[in-house]
Chemist: 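Quick one: the structure is below, and I'll ask about it shortly.
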Amino acid sequence: MENDWERHKPRLYSVVTGFFPETSPKETWATDPRPLLVCGVAQDTDSGTFFCRVAYGTTQQIDKAHDTDLVVGNMSMLNSLGLKRTTRFVLHSGRQMAILPWTAEFFRPWTGYKSPHLSCLPEDMQKVVGYDLSQLTDLPKF
């Protein structure tokens with residue numbers, strides 16, 4: 001059964017929750033999806049399914065962030081984006097991103113939420129992220 005949120009295209013630069021493909025997923029992977037940043041959106045014209053290019057968010061190794069990774073640590077910004085802890089979105093390499101269908105198989109709300117959509121980056125952050133992404137030569141293609 002399709003969830004209502006699956007019918008609505010996620011906005012570019014939305015912060016969402018889902019299951020990034022990992023070689024060694026954490027033990028709580030299926031019940032505690034990670035934050036993801038939508039870095040591209042496309043739609044399959046035949047099926048109508050939306051696809052998202054996503055960068056994963058992590059609360060680990062914040063101190064090892066690259067210059068072009070997006071680190072959100074300001075309490076007010078964490079609150080406005082719906083994030084629970086300081087989070088680093090890995091944007092420095094397209095090889096660290098994935099294209100996933102906007103379906104419940106790959107995106108799931110956190111407990112207590114109705115949708116995997118948490119928020120959207122403010123315009124000034126969108127411009128910085130957009131510029132950084134435009135410099136990448138290895139973004140996964142739709």
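Just so it is clear, the model here is predicted, and its values are computed rather than measured.
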Chemist: With a cut-off of 6.0 Å (strictly less than), are more than 12 heavy atoms of other residues, nucleotides or ligands near CG of D124?
Modeler: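 Buried by this count: over 12 neighbours within 6.0 Å.
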
Chemist: Using ring pair (Phe, Tyr, Trp, His ring centres under 6.0 Å), reason through W102 and F51 one step at a time and then give a plain yes or no.
Modeler: CA-CA 5 Å; W102 181 242; F51 288 84; over 10 Å; no

Chemist: Distance-only, no hydrogens or angles: does the D69 side chain make a donor-acceptor pair with backbone N or O of H66 under 3.5 Å?
Modeler: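 Between the backbone of H66 and the side chain of D69 there is a qualifying donor-acceptor contact (under 3.5 Å).
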
Chemist: With the 4.5 Å side-chain cut-off for hydrophobic clustering, are Y113 and L78 part of the same group?
Modeler: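 As far as the 4.5 Å side-chain criterion goes, L78 and Y113 are connected within one cluster.
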
Chemist: Could you pull out the closest heavy-atom pair between R34 and F20, with the gap in Å?
Modeler: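 Minimum heavy-atom contact is CD-CB, 3.9 Å.
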
Chemist: Which atoms form the tightest heavy-atom contact between W110 and P35, and what is the distance?
Modeler: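 Closest pair (atom of W110, atom of P35, distance): CZ2-CD, 4.2 Å.
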
Chemist: Any sub-3.5 Å donor-acceptor pair from T17's side-chain atoms to R108's backbone N or O?
Modeler: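 Present.
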
Chemist: Give the minimum heavy-atom separation between L81 and P122, together with the two atoms involved.
Modeler: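 Scanning both residues, the minimum pair turns out to be CD2-CD, 4.2 Å.
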
Chemist: Linking I/L/V/M/F/W/Y whenever any side-chain heavy atoms sit under 4.5 Å apart, do V41 and Y56 land together?
Modeler: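 Yes, it is one cluster - the side chains of V41 and Y56 are joined through contacts under 4.5 Å.
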
Chemist: Would you say M97 and I99 are hydrophobically clustered, going by side-chain heavy atoms of ILVMFWY under 4.5 Å?
Modeler: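 No, no single cluster joins them.
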
Chemist: Compare all side-chain heavy atoms of L36 with those of F107 and state whether any distance is below 4.5 angstrom.
Modeler: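 Counting from C-beta outward, L36 and F107 do come under 4.5 Å.
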
Chemist: Would you name the heavy atoms of P140 and R53 that are closest together and state the gap between them?
Modeler: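 Heavy atoms of P140 and R53 come nearest at O-NE, 2.9 Å.
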
Chemist: Closest heavy-atom contact between L136 and L91?
Modeler: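 In this case the closest contact between L136 and L91 is CD1-O, 3.4 Å.
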
Chemist: With distance as the sole test, does Q43 use its side chain to make a donor-acceptor pair with the main-chain N or O of F50 at under 3.5 Å?
Modeler: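 No; judged by distance alone, with no hydrogens or angles, the pair does not exist.
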
Chemist: Going through the checks in order, is the side-chain contact (heavy atoms from CB on, under 4.5 Å) test met by V54 and L100?
Modeler: CA-CA 8 Å; V54 294; L100 304 172; 3.9 Å; yes

Chemist: Find out if a path of hydrophobic residues (ILVMFWY) with successive side-chain heavy-atom gaps under 4.5 Å connects L37 to L139.
Modeler: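 Yes, one cluster joins them.
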
Chemist: Decide side-chain contact (heavy atoms from CB on, under 4.5 Å) for R88 and D63; before the verdict, give the C-alpha distance in whole Å, the side-chain angles of both, and the deciding distance to 0.1 Å.
Modeler: CA-CA 9 Å; R88 171 174 61 109; D63 58 326; over 6 Å; no

Chemist: If only atom types and distance count, is the side chain of N3 paired as donor or acceptor with the main-chain N or O of E6 below 3.5 Å?
Modeler: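 No, N3 side chain to E6 backbone: no donor-acceptor pair under 3.5 Å.
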
Chemist: Which atom pair, heavy atoms only, marks the closest approach of W5 to K114?
Modeler: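 Residues W5 and K114, closest heavy atoms: CD1-O, 3.6 Å.
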
Chemist: May I have the step-by-step check of side-chain contact (heavy atoms from CB on, under 4.5 Å) for V71 and T86, ending in yes or no?
Modeler: CA-CA 7 Å; V71 177; T86 297; 4.2 Å; yes

Chemist: Which pairs with one or both residues in residues 125-142 pass side-chain hydrogen bond (donor to acceptor under 3.5 Å, both in side chains), sequence neighbours excluded?
Modeler: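 Sorted result for residues 125-142: S93-D138, R95-D138.
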
Chemist: Short question: side chain of H117, backbone of S119 - any donor-acceptor pair under 3.5 Å?
Modeler: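 Confirmed, H117 side chain pairs with S119 backbone.
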
Chemist: So L83 and T59, do their side chains get closer than 4.5 Å, heavy atoms only?
Modeler: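 Contact flag for T59/L83 side chains = no.
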
Chemist: Can you tell me how far apart CG (L133) and OG1 (T68) are? Round to the nearest 0.5 Å.
Modeler: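 OG1 of T68 is found 8.5 Å from CG of L133.
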
Chemist: What is the distance from atom SG of C52 to atom CZ of R11, rounded to the nearest 0.5 Å?
Modeler: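 Here the interatomic distance stands at 13.0 Å.
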
Chemist: V72, I62: one ILVMFWY side-chain cluster at the under-4.5 Å cut-off?
Modeler: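 Cluster IDs for V72 and I62 differ.
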
